[in-house]
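Below is one structure, written out as structure tokens; the observations come after it.
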Amino acid sequence: MLVLRRLEAKILGRSLHLVEFAGQWTSSERRQFECDMRVIENFVTPAEEAGLLREIEPHISRLPYESSHWDEAIHGYRELERRKWSPQNRVVLDRVSREAFGGRAMPFVHILDLAEVGVIKPHVDSIRFCGHTIAGISLLSDCVMRLQRVAKGPDPPCQSADLLLPRHSLYIMRALARYEFTHEILAREESRFRNRSVERRRRVSVICRNDP
Ligand code: OGA
Ligand code: MN
């Protein structure tokens, strides 16, 4: 059964071993979630990572790390938006656009540099500025992203899932995972996946979104 699921995952380009569910999930809810929150390992090569960073670093390294985002969701970060890219990096971003957006991503790409001590707290991206899909490449470090069902009513949320986002991977979060769950990047000290600690260093994410 597991072999079959692995095979199915391979065919669909999903990596089920990168998700760990917690709380109460039916198998059909899990399947739906796995469609709406995909992680593709080795989406970029080390050479492509280096190419992206060569273009990002000169701009982002001039900014100080900030301690609090406008909505208090992010600490220890710096960020920028970029529209124009070298032809070499454009190839990578076009691949994200095709894979996640059927070629229709927003022209602005969001770069988020999270310091080793940085953290992204649980939030849902604003529906005013961002459409149904969010896709991010992880550079420089692995990390753990936690998705938690948004609480409706007085009871605490009973469904969550941890995703191991390996360096060089792409995640594609859409629909249910994007609207019905908060997402967060765990702090360095809390970065554990399947009871193993995940070494989280400085991480740069390259995030594409679509229009609302
Ligand atoms: C965000 C966010 C996740 C990431 O900027 O809203 O959730 O992968 N970023 O950096
Ligand atoms: Mn977000």
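Read the numbers this way: they start at 1 and go in the same order the structure lists the ligands and their atoms. Given the structure is predicted, the values throughout are model-derived calculations rather than measurements.
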Legend entry - Distance-only polar pair, side chains of R146 and S160, donor-acceptor under 3.5 Å: no
Inset, instruction - Mind checking side chain to side chain contact (heavy atoms under 4.5 Å, CB included) for D142 and listing every partner two or more places apart, or none if nothing turns up? - result: P166, R167, V198
Legend entry - Residue-atom pairs from the protein, N, O or S only, that lie under 2.8 Å from the Mn ion (ligand 2): H123 NE2, D125 OD1, H183 NE2
Legend entry - NZ/NE/NH1/NH2 to OD/OE distance under 4.0 Å, E99 and R38: yes
Legend entry - H75 side-chain N/O to S67 backbone N/O, donor-acceptor pair under 3.5 Å: yes
Legend entry - Sequence neighbours excluded, every pair satisfying salt bridge (Lys or Arg N to Asp or Glu O under 4.0 Å) that has a member inside residues 119-130: D125-R209
Inset, instruction - Check S191 against R200 and note the closest heavy-atom contact, atom names and distance. - result: OG-CB, 3.9 Å
Legend entry - Shell of residues surrounding ligand 1, defined by a 4.0 angstrom heavy-atom cut-off that is strict: H110, L112, I120, H123, D125, Y171, H183, R203, S205, I207, R209
Legend entry - Backbone of T45 reached by a side-chain donor or acceptor of E48 within 3.5 Å: yes
Legend entry - Same cluster (ILVMFWY, side-chain, under 4.5 Å), M106 and L112: no
Inset, instruction - Using the side chain to side chain donor-acceptor pair (under 3.5 Å) rule, pick out the option among R149, E180, Q148 that qualifies with Q159. - result: R149
